[in-house]
Enquirer: 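Sharing a structure here in structure tokens format.
Throughout, protein chains are lettered first and strands after them, A, B, ... in sequence-line order, and every chain is numbered starting at 1.
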2 protein chains.
Amino acid sequence: MIRLVLADDQALVRDGLKLLLELEPDIMVAGIAENGLQALNMAKQHKPDIVLMDLNMPEMNGAEATRAILKELPNTKILVLTTYTTDQWINDALNAGAQGFLLKDTPREDLIRAVKGTVEGKNFLDPQIAGSLLKNREQFSNEAPSWLNELNDRELAVLKCLAQGLNNQQIAASLFLSEGTVRNYVSSLLAKLEVQDRTQAAILGVKSGLGNSK
Amino acid sequence: MIRLVLADDQALVRDGLKLLLELEPDIMVAGIAENGLQALNMAKQHKPDIVLMDLNMPEMNGAEATRAILKELPNTKILVLTTYTTDQWINDALNAGAQGFLLKDTPREDLIRAVKGTVEGKNFLDPQIAGSLLKNREQFSNEAPSWLNELNDRELAVLKCLAQGLNNQQIAASLFLSEGTVRNYVSSLLAKLEVQDRTQAAILGVKSGLGNSK
DNA sequence: CCAAACTGATGACAAATGTCATGATTCTAG
DNA sequence: CTAGAATCATGACATTTGTCATCAGTTTGG
């Protein structure tokens, strides 16, 4: 049995969704909220498996509420239901840690599938919304980190350090090398990456996902 | 009428998909390929609206084929059909520019919907695959770039340049300032961001999404 | 065994970077 | 009007960075 909290500022939508969801035998609407603040309180009170969250709400918007709920109850799943794909808060909600995004014109069967799937850890993204995610991604992860192969272990280690913003002295300490040696590795690194200086190398590293994993 | 090219190395899958797709009156299977190379040729020959692409294929895998096709025919949509969510090539295909990702156990109706939606520019991501995208995103876009408010226009402009890897001279040229002035702005920037050098500032900038938009 | 590659190191040098003090304009609020 | 901002600029200076030539062990493949 899936326990669910519903948050939307429009009464009609709330009531409609409630009916729609309770047609499903293994879904139980544990609480209904009219704004983000109520959603947070409902979540704390009922500890639901999943929260269906509207974005545009008074008091506390969906993104803020998502962040607040996840801070208290990190295992709760948040499925965002929004009206417009251009909603400026989609990005916020994404960052706040929402697990899924649906448009309100999603057919009932899809909504039910998304609710159940989200509880199981899947991530449902409406096709109209997914585009921005894909584009965003392109900005960051480079198409072909082909140079990863050209770099030897040391150079790769140095690049990781660069991507973390260390200077030569810190890198030397970190890798137990002399500073001069580090300078040499940085130098050959720059040549292989075909960049002009450590900053450009660091940017490449960050964009390729280095610099996060120690 | 949607013209479609199908690429999969398994005969059964090819035949099954062909039958399944042609049940739909407004979809026409223009070509069938057994590997990536054939897919590329088929695409060049038939100029389809969309290519259904398997990832694991001999000769040229799906990701490479995707990249090759998009290079020649940038308006073609590529919908990837894969068997496993852990497929190591998913990332490659994503970077190669595929517009959608489905698992092969997707029901027929969803497949049809995805094909039509993808042609219309939507992005269908299987819920099991979308997760990695969301996680990836978390690494990069910082939740609260609070310092963004503390920076004035010039400093922000300089930070953008830093995030693009420009040196002081290039920044000066770009913003029509003297190099010395740029050095001053960089200096105050570093203080406000509480970092030690331009590399660390650039990393912050990149992680916050600057450095992409001019 | 020997050449080649790899790894780590030094010193010297030019260029880029970061910090500071200081000035000149211009704009704005009291 | 005037003090104080914001903006742009200089020059001087110490430090960091990047490049190069060179050297010395160690490993490895032929």
Enquirer: Judged by each residue's nearest nucleotide on DNA chain D, which is more toward the 5′ side, A:T199 or B:G180?
Expert: B:G180
Enquirer: Return yes when atom CG of B:L19 has more than 12 non-hydrogen atoms of other residues, nucleotides or ligands closer than 6.0 Å, and no otherwise.
Expert: yes
Enquirer: Separation of B:Q196 atom CD from C:dT19 atom C1', in whole Å?
Expert: 14 Å
Enquirer: For the base of C:dC20, is there a side-chain donor-acceptor partner from B:N184 under 3.5 Å away?
Expert: yes
Enquirer: Give the residues of residues 166-177 of chain B touching DNA chain C, defined as any heavy atom closer than 4.0 Å, sorted by residue number.
Expert: B:N167, B:N168
Enquirer: Tell me yes or no: between the side chains of B:E64 and B:N61, is some donor less than 3.5 Å from an acceptor?
Expert: yes
Enquirer: Does a nitrogen or oxygen in the side chain of A:T181 sit under 4.0 Å from OP1 or OP2 of C:dG8?
Expert: no
Enquirer: For the side chain of B:V186, starting at C-beta, report the closest nucleotide among C:dA9, C:dG18, D:dT17.
Expert: C:dG18
Enquirer: Just by modelled atom types, is the B:R3 backbone N or O under 3.5 Å from a matching donor or acceptor in the B:D49 side chain?
Expert: yes
Enquirer: So, OP1 or OP2 of D:dT16: does either fall under 4.0 Å of a side-chain N or O from A:R183?
Expert: no
Enquirer: Provide, to the nearest angstrom, the distance between the CG atom belonging to A:L190 and the P atom belonging to C:dA16.
Expert: 14 Å
Enquirer: Remember a base hit wins even if backbone is also touched, and classify A:S178 as base, sugar-phosphate or nothing at under 4.0 Å, heavy atoms.
Expert: sugar-phosphate
Enquirer: Should we say atom CD of A:Q169 is surrounded by more than 12 heavy atoms from elsewhere, each under 6.0 Å from it?
Expert: no
Enquirer: Just the rounded figure in Å: distance from P of C:dT19 to CZ of B:R198.
Expert: 11 Å
Enquirer: Tell me whether A:Q164 contacts the main-chain N or O of A:C161 through its side chain, where contact means a donor paired with an acceptor under 3.5 Å.
Expert: no
Enquirer: By the 4.0 Å heavy-atom rule, please label A:D197 as base, sugar-phosphate, or nothing.
Expert: sugar-phosphate
Enquirer: Please check: side-chain N/O of A:N123 versus main-chain N/O of A:Q99, any donor-acceptor pairing under 3.5 Å?
Expert: yes
Enquirer: Got a donor-acceptor contact below 3.5 angstrom from the B:R198 side chain to the B:S187 backbone?
Expert: no
Enquirer: Counting only side-chain N and O atoms of B:R154, is one of them less than 4.0 Å from OP1 or OP2 of D:dT7?
Expert: no
Enquirer: Report the distance from atom CD of A:Q200 to atom P of D:dG18, rounded to the nearest whole Å.
Expert: 10 Å
Enquirer: C:dG8, D:dT17, D:dT19: which one has an atom nearest the side-chain heavy atoms of A:Y185?
Expert: C:dG8
Enquirer: Quick one: bend of the helix from C:dC1-D:dG30 to C:dG30-D:dC1 from 5 pairs per end, to 10°?
Expert: 40°
Enquirer: So, the side chain of B:S208 versus the backbone of B:L204: is there a donor-acceptor pair under 3.5 Å, distance only?
Expert: yes
Enquirer: Which pair of non-hydrogen atoms, one from A:R113 and one from A:F124, has the smallest distance, and what is that distance?
Expert: O-CZ, 3.8 Å
